[in-house]
Chemist: 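Have a look at this one.
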Protein chains: 2
Amino acid sequence: MTPPPPVSDAADPIEALIAQMARLPGLGPRSARRLVLHLIRKRSQTMTPLARALAQVAETARACRICGNVSMAETCPVCADPRRATGELCVVEDVSDLWAMERGGAYRGRYHVLGGTLSALDAIGPEELRLPDLAERVRAEGITEVILALNPTVDGQTTAHYIAELLEPTGVRLSALAQGVPLGGELDYLDDGTIMAALRARKPL
Amino acid sequence: MTPPPPVSDAADPIEALIAQMARLPGLGPRSARRLVLHLIRKRSQTMTPLARALAQVAETARACRICGNVSMAETCPVCADPRRATGELCVVEDVSDLWAMERGGAYRGRYHVLGGTLSALDAIGPEELRLPDLAERVRAEGITEVILALNPTVDGQTTAHYIAELLEPTGVRLSALAQGVPLGGELDYLDDGTIMAALRARKPL
């Protein structure tokens, strides 16, 4: 007698949905199963609207043609807002960094999303990023200051140096986010590099 | 001058999608943002198929009319499989428990999903669960053994006692999952209750 086939075959749409969910970042088989059961239970309130929202965003979302932010229109809400034409341009690696800056709520200018960092290891050169566009924008949009909000990694800092050289001919003012002790951070839990950076950049009271 | 509105307003479909995702169990705002960005980046390979799979399951999934498992058909694959009409019925609290039993792969009979446990606190009585159906099935399907796979909680054990009384007139054989040391479990990390239960149920070598 051949053993009966397992119930959880991928031909079953529920199993297929769980498998799809389980491949998403931050989810695994267990959380995917829990999610799918939750969704099936709250079908009309949760699952159907979620399916619709996903389909709508999948169909319409694109990169903003100016800054590279994700957007439902050709131009993202930040670039489309005339009050944000402040002459400042904040360079970030990724859309998630742009969102983090927006949550901070302190920055009122526009952005430029590189789409990554230069990386010799991963063979990512300036042409793979939106670096040529950056020089072009600085010239064309009357930018007065470029704020580098790149991550304090080797690749991030390499990219910052490249941008500094790239923009030197334009004479634009360049700055970078301050490094130091994070708000609410306890010295005892900070890495040595951060403490050294904060000490070097100490400010008179 | 009025401050400009935040970019992250819920009118934006991307923001609305993130908000919907963030309300799902196991996800929060941060993981929802990460997920949505990932999905937008892998739009055609991931996001569109996921939206379709969700819509399909949302439209079709239902409770199996026999056992209460979630299913794309009126009868779930387990109930529809004639090889599983073994005369054994495994009673579980929830569909997730049924799935866990199926992953174990050792059980070859059919299931009965209660949909919860009796609970005085939450005012859940036998009528809220599939308990009347259970007695009916035992009588109608020629069941020889009912295996209780309920969780070792107060409510789970209350429900087990109720089922024992409910099924007494039918004369069906009743059993429950063994309690003891889990495979791969280290004694040092086990709770005292489990160790006591394992000692009481010790078996001759």
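The sequence lines fix the lettering, A, B, ..., with proteins before strands; numbering per chain opens at 1.
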Chemist: Does any backbone or side-chain atom of A:Ser44 lie under 4.5 Å from a heavy atom of chain B? Answer side chain, backbone, both or neither.
Modeler: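 Neither; nothing under 4.5 Å.
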
Chemist: If every non-hydrogen atom of B:Ala53 is compared with every non-hydrogen atom of A:Leu17, which pair is closest and at what distance?
Modeler: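 So the minimum-distance heavy-atom pair works out to CB-CD1, 3.8 Å.
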
Chemist: Between atom SG of B:Cys76 and atom CG of A:Asp12, what is the distance when rounded to the nearest 0.5 Å?
Modeler: 9.5 Å

Chemist: Hey, which of B:Gly105, B:Ala55, B:Pro49 has the most heavy atom pairs under 4.5 Å with chain A?
Modeler: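 Most heavy-atom pairs within the cutoff with chain A belong to B:Pro49.
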
Chemist: State which residue, out of A:Thr48, A:Val36, A:Thr46, A:Leu39, fulfils the side chain to side chain contact (heavy atoms under 4.5 Å, CB included) condition with B:Leu54.
Modeler: A:Leu39

Chemist: In residues 85-98 of chain B, which residues are in contact with chain A at a heavy-atom separation under 4.5 Å?
Modeler: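 Within residues 85-98 of chain B, near chain A: B:Asp94, B:Val95, B:Ser96.
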
Chemist: Using a cut-off of under 4.5 Å on heavy-atom pairs, state which of A:Arg33, A:Arg34, A:Arg41, A:Gln56 scores highest against chain B.
Modeler: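 Maximum pair count with chain B is reached by A:Arg33.
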
Chemist: Which answer fits B:Arg52, side chain, backbone, both or neither, if we ask what part of it has an atom under 4.5 Å from a heavy atom of chain A?
Modeler: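 For B:Arg52, there is no contact with chain A at all, as no heavy atom is under 4.5 Å.
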
Chemist: Please find the pair of heavy atoms, one from B:Gln20 and one from A:Leu50, that lie closest to each other, and give the distance.
Modeler: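 Closest approach of B:Gln20 to A:Leu50: NE2-N, 3.1 Å.
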
Chemist: Should we say atom CG of B:Asp192 is surrounded by more than 12 heavy atoms from elsewhere, each under 6.0 Å from it?
Modeler: no

Chemist: Could you tell me which of B:Glu59, B:Arg103, B:Arg62 has the largest number of non-hydrogen atom pairs under 4.5 Å with chain A?
Modeler: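 Most heavy-atom pairs under 4.5 Å with chain A: B:Arg103.
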
Chemist: Any idea which of B:Ser31, B:Pro25, B:Gly26, B:Ala73 has the most non-hydrogen atom pairs under 4.5 angstrom with chain A?
Modeler: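 Maximum pair count with chain A is reached by B:Pro25.
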
Chemist: Heavy-atom count around A:Glu141 CD within 6.0 Å, excluding the residue itself: above 12?
Modeler: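 Atom CD in A:Glu141 is packed in, count exceeds 12.
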
Chemist: Given that the side chain runs from C-beta out, which part of B:Arg43 has a heavy atom under 4.5 Å from chain A: side chain, backbone, both or neither?
Modeler: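 Side chain of B:Arg43 only, per the 4.5 Å heavy-atom cut-off to chain A.
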
Chemist: Under 4.5 Å from any heavy atom of chain B, what part of A:Ile40 do you find: side chain, backbone, both or neither?
Modeler: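 Contact with chain B: side chain only.
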
Chemist: Around atom CD of B:Gln45, are there more than 12 heavy atoms of other residues, nucleotides or ligands at under 6.0 Å?
Modeler: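 Enclosed.
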
Chemist: To the nearest 0.5 Å, what is the distance between CG on A:Asn69 and CD1 on B:Ile14?
Modeler: 7.5 Å

Chemist: To the nearest 0.5 Å, what is the distance between CZ on B:Arg30 and CH2 on A:Trp99?
Modeler: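 Reported value, rounded in 0.5 Å steps: 12.5 Å.
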
